[in-house]
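Keep in mind that the numbers below use all heavy atoms, side chains included, and drop hydrogens, waters and symmetry copies. Both counts, for ligands and for their atoms, begin at 1 and track the order of listing.
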Amino acid sequence: MKQTKWWKNAVVYQIYPRSFQDSNGDGIGDIPGVISRLDYLADLGIDVIWLSPVYESPQDDNGYDISDYYAIYHEFGTMEDMEALIREAEKRGIRIVMDLVANHSSDEHPWFVEARKSKDSKYREYYIWREGEKNQPPNELTSVFSGSAWEWDEGSGAYYLHLYSRKQPDLNWENADMRRDMYQMINWWLDKGIGGFRLDVIDTIGKVPDQMITTNGPKLHEYIQELSRETFQNYDIMTVGETWGANVDNAKLYSNPDGSEFSMIFQFEHICASWSEYGKWKQEKKDFVKLKKIFSRWQKELWGKGWNSLFWNNHDLPRVVSSFGDDGRYRVESAKALATFLHGMQGTPYIYEGEELGMTNISMKDVSQIRDIESLNIYEELRQKGWTHEQLMAAINGAGRDNARTPMQWDDTENAGFTTGTPWIEVNPNYREINAKAELEDENSVLHYYKKLIALRKSEEWKDVFTDGEYVPFMDEDEDVFVYARVLGEKKLYVVGNFHEVERIVVLPEAIKEVLLSNYQETEKNELQVALRPYEAFIAKV
Ligand code: NOJ
């Protein structure tokens, strides 16, 4: 079947349902809440919603621990609500991409409940068990959420593997029955008319725990190709794999244009560039030369050989305006400049809820304010290693996942219009200034800029340049400025901007003819030499 690849020109918007819009006053966002905001999203101009998990779950990791793949988590709504969301979105030309967690399930999933009961159960082999003795885990593998990745199961006297929380046992992809059950469930959802899947930590399904191999295991691509063949390839959908261990070489397999694996992947090289031996909890100053080189390498390497996803943010990452921009004086300018830099490239752009408003990180003072299991665990772990409370809160405020999970800021009424009840996590106090209602009324807001950026990307005149145009970078070694061209035949665009507060004169390789989009109001640029004000950015034709 010939793939139409509609997703190459699509813009995706990620919704973290727990934090987007509450409709019934319980303080937790839900599916009817999402439906009530579809007009806002249609107006923004997006084509796809990636919905973080809405399946039945004990919510140990906010839904990334699924106990029933065929049911909707009751606090988010019902299956009827989900079907209504798919229908209502479709009416507005928006497809729903679901989040699929196939590396692990919840320990409350009936498979695991059965697996635990008896070593003879057929479900025992759906998970990864090792014999051993209590307090002597099979090896040193650690969980991403701190501590050993092996949990002793008292009842059956053995260890099971969990790369995430102990309530997220890893599924055994060696087991053909498990894989078959998984494919059946995926097809069941695809038959409901969804637009595709985002596949959670999919690069770990080929793990070889005894050799300490987690990502990029020897059978990884074999599994993914089978998965794709048995499911995705029979539908006109988009798929995106979450792959922290990806590099430009295996990305060409993952996003092979022949459609044998996924449409595209999320790779994290630009995100991890400043991490230290403590990972994201201790970071070096951002190096923009390094950052540009990473983007350039991915742009060039996947040219004609794969497909990039373009993102700064998701529900696991701090807010981009706080981590790469300036969330103070130049919040509006820097949010727009970062959007320009990213959306000008080749690939499918992703906007995470609130990014289009320039929402910022939150500053928490006390552990009681933290909701994220990862931050709570790292607090304990590093506290024991001697970090002070202040150091830990600074690290968590800088890099913790709750930054992305504070409620969407809709207006300046109590709780930012997110809920009439008590929100499950506190609202960022800056909602009185930063909110969708205010930005809709302000022509110069970050929100309006995103709308224009999306419209330009989709315009008849420039659409093919954004989708297919070659990426040509300039001024690689410049720490402040980004300049690249997108070229398709006779058509050429320049994407130019300033990552910092400094003022800079830049000599372009060619004189520009017309500025198509700019984050400063007065822009008269039709020459070779341009003066860039703090965080100024523009897209121009030559
Ligand atoms: C990646 C998800 O994005 C994250 O939120 C989750 O905690 C882990 N995978 C485990 O499912």
Per-atom contacts, ligand 1 versus [X] - under 4.0 Å to a heavy atom:
X: Arg405; answer: 5 (O)
X: Asp316; answer: 1 (C), 2 (C), 3 (O), 4 (C), 5 (O)
X: His104; answer: 10 (C), 11 (O)
X: Arg401; answer: 4 (C), 5 (O), 6 (C), 7 (O)
X: Glu242; answer: 1 (C), 3 (O), 9 (N)
X: Phe145; answer: 7 (O)

Problem set entry | Qualifying residues under salt bridge (charged side-chain N to carboxylate O under 4.0 Å, His left out), relative to Lys219, sequence neighbours excluded | Glu174

Exercise. Does ligand 1 have a heavy atom under 4.0 Å from the side chain of Glu374, from its backbone, from both, or from neither?
Worked result: neither

For this session: Could you check atom 7 (O) of ligand 1 against the protein and tell me its nearest heavy-atom contact, residue, atom and distance included?
Result: Asp61 OD2, 2.5 Å

For this session: Could you check atom 1 (C) of ligand 1 against the protein and tell me its nearest heavy-atom contact, residue, atom and distance included?
Result: Asp200 OD1, 2.9 Å

For this session: Would you check if the distance from the ring center of His104 to the ring center of Tyr160 is below 6.0 Å?
Result: no

For this session: Measure across Pro32 and Phe76 and return the closest heavy-atom pair with its distance rounded to 0.1 Å.
Result: CD-O, 3.6 Å

Exercise. Going by the salt bridge (charged side-chain N to carboxylate O under 4.0 Å, His left out) test, which pairs reach into residues 340-349, not counting sequence neighbours?
Worked result: none

For this session: Could you tell me whether the side chain of Asn103 and the main chain of Val201 form a donor-acceptor pair under 3.5 Å?
Result: no

For this session: Answer yes or no: is there a donor N or O on one side and an acceptor on the other, between the side chain of Asn187 and the main chain of Glu230, under 3.5 Å?
Result: yes

For this session: Count the heavy atoms of every other residue, nucleotide or ligand shown that sit under 6.0 Å from CZ of Arg371, and state whether that count exceeds 12.
Result: yes

